[in-house]
Visitor: 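Let me begin by handing over the structure; questions about it come next.
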Amino acid sequence: EYEGDRNSEGERHGFGKARLPNGDTYEGEYEHGLRSGRGTYRFKNGALYTGDYLQNKKHGKGVFFYPDGSKYAGDWVHDQRQGYGEYLYANGDTYTGEWANNKRHGQGTYVYKDTGSKYVGAWVNGSQEGPAELIHLNHRFKGRFLNGKPLGHGKFIFDIGCEQHGEYIQPVQEKDEEEDDEPPLPVEPKWKASGITKLTPWSPHDEEPDP
């Protein structure tokens with residue numbers, strides 16, 4: 001069902017309200033029969049999008065409320081979260097930063113609601129990867145990450161005014177002959193401290209040689 005403006009060709013054009021066969025509804029602007037401009041789209045499952053459209057796709061700025069109570073507000077390109085935006089997760093965590101192809105990608109800050117800790121740094125395809133800082137209540141870690149885990153040189157900075165330098169090393173897995181069929185369990189990188197110093201200006205880009 002459609003009620004609203006049409007152009008001389010009879011296409012939906014201008015402002016209108018539509019109920020789609022699947023039970024979704026749209027109220028907003030049309031151009032030549034397609035959702036284009038500002039509009040609000042309500043999904044039958046309780047989700048809702050309000051924002052910019054271009055030729056039936058979410059494109060521009062918009063806010064999406066998901067059925068689980070999470071919410072994204074930011075840039076869209078061809079129906080994908082892309083550009084800059086803020087995501088509030090159902091568990092109360094938040095991510096604010098860059099997106100590409102619906103995933104956290106680029107520079108961004110992720111805040112863990114339960115602990116108050118936050119990850120500030122680089123993301124690749126939704127995963128914490130590259131130079132970053134993990135900030136906790138009274139200390140922080142500065143280094144590089146790979147697949148959401150710290151790896152390589154870094155340092156812990158303590159609020160009492162000192163730093164512990166070192167590196168995260170990926171332990172080598174020992175394999176039993178019989179266990180060939182079993183997938184290896186993920187092994188956490190281990191921290192190997194090399195020394196304690198007073199506060200120093202150092203960034204992960206400085207990749208320091210082994211002492």
Visitor: State, yes or no, whether a side-chain contact exists between Gln170 and Leu151 at a heavy-atom distance under 4.5 Å.
Guide: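 SC-SC contact between Gln170 and Leu151 confirmed.
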
Visitor: Please determine whether ring pair (Phe, Tyr, Trp, His ring centres under 6.0 Å) holds for the pair Tyr119 and Tyr112, giving the CA-CA distance in whole Å, both sets of side-chain angles, and the decisive distance to 0.1 Å.
Guide: CA-CA 8 Å; Tyr119 173 97; Tyr112 299 88; 8.3 Å; no

Visitor: CD/Gln107 to OH/Tyr84 distance, rounded to the nearest 0.5 angstrom?
Guide: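 Taking CD in Gln107 and OH in Tyr84, the distance rounds to 10.5 Å.
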
Visitor: Look at the rings of Tyr26 and Tyr53 and say which category their plane angle falls in: under 30° parallel, 30 to 60° tilted, over 60° perpendicular.
Guide: perpendicular

Visitor: Do His165 and Thr197 have a side chain donor and acceptor closer than 3.5 Å?
Guide: yes

Visitor: Contact between Arg81 and Trp76 at the side-chain level, heavy atoms closer than 4.5 Å - yes or no?
Guide: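 With C-beta onward as the side chain, the pair touches.
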
Visitor: Using the ring of each side chain (for Trp, its six-membered ring), is Trp191 parallel, tilted or perpendicular to Phe156, with breaks at 30° and 60°?
Guide: perpendicular

Visitor: Look only at the side chain of Asn7 and the backbone of His13, and say whether a donor-acceptor pair between them is shorter than 3.5 Å.
Guide: no

Visitor: Report yes if some heavy atom in the side chain of Val111 is under 4.5 Å from a heavy atom in the side chain of Asp93; otherwise report no.
Guide: no

Visitor: Return yes when atom NE2 of His78 has more than 12 non-hydrogen atoms of other residues, nucleotides or ligands closer than 6.0 Å, and no otherwise.
Guide: no

Visitor: Between atom OG1 of Thr109 and atom OH of Tyr95, what is the distance when rounded to the nearest 0.5 Å?
Guide: 8.0 Å

Visitor: Among Lys61, Arg38, His59, Lys58, find the one that has a side chain to side chain donor-acceptor pair (under 3.5 Å) with Asp52.
Guide: Arg38

Visitor: Could you measure the distance from the OG1 atom of Thr25 to the CD atom of Glu1? Nearest 0.5 Å is fine.
Guide: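 Nearest 0.5 Å value for the OG1-CD distance: 10.5 Å.
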
Visitor: Nearest 0.5 Å, please: how far is CZ in Phe141 from CD in Glu163?
Guide: 12.0 Å

Visitor: Rounded to the nearest 0.5 Å, what separates atom CG in Leu34 from atom CZ in Arg12?
Guide: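 Reported to 0.5 Å precision, the distance equals 10.0 Å.
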
Visitor: Should Tyr110 and Trp123 count as side-chain neighbours, where that means a heavy-atom distance under 4.5 Å?
Guide: yes

Visitor: Does Asp24 have any side chain to side chain contact (heavy atoms under 4.5 Å, CB included) partners at least two apart in sequence or in another chain, and if so, which?
Guide: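 Counting only residues at least two positions away or on another chain, Asp24 forms a side chain to side chain contact (heavy atoms under 4.5 Å, CB included) with Leu20, Asn22, Tyr41, Phe43, Lys44.
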
Visitor: Quick test of your reading of the model: are Arg35 and Glu29 salt-bridged, counting only N-O distances below 4.0 Å?
Guide: no

Visitor: Are any of the side-chain heavy atoms of His105 and Asn125 separated by less than 4.5 Å?
Guide: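 Yes, their side chains come closer than 4.5 Å.
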
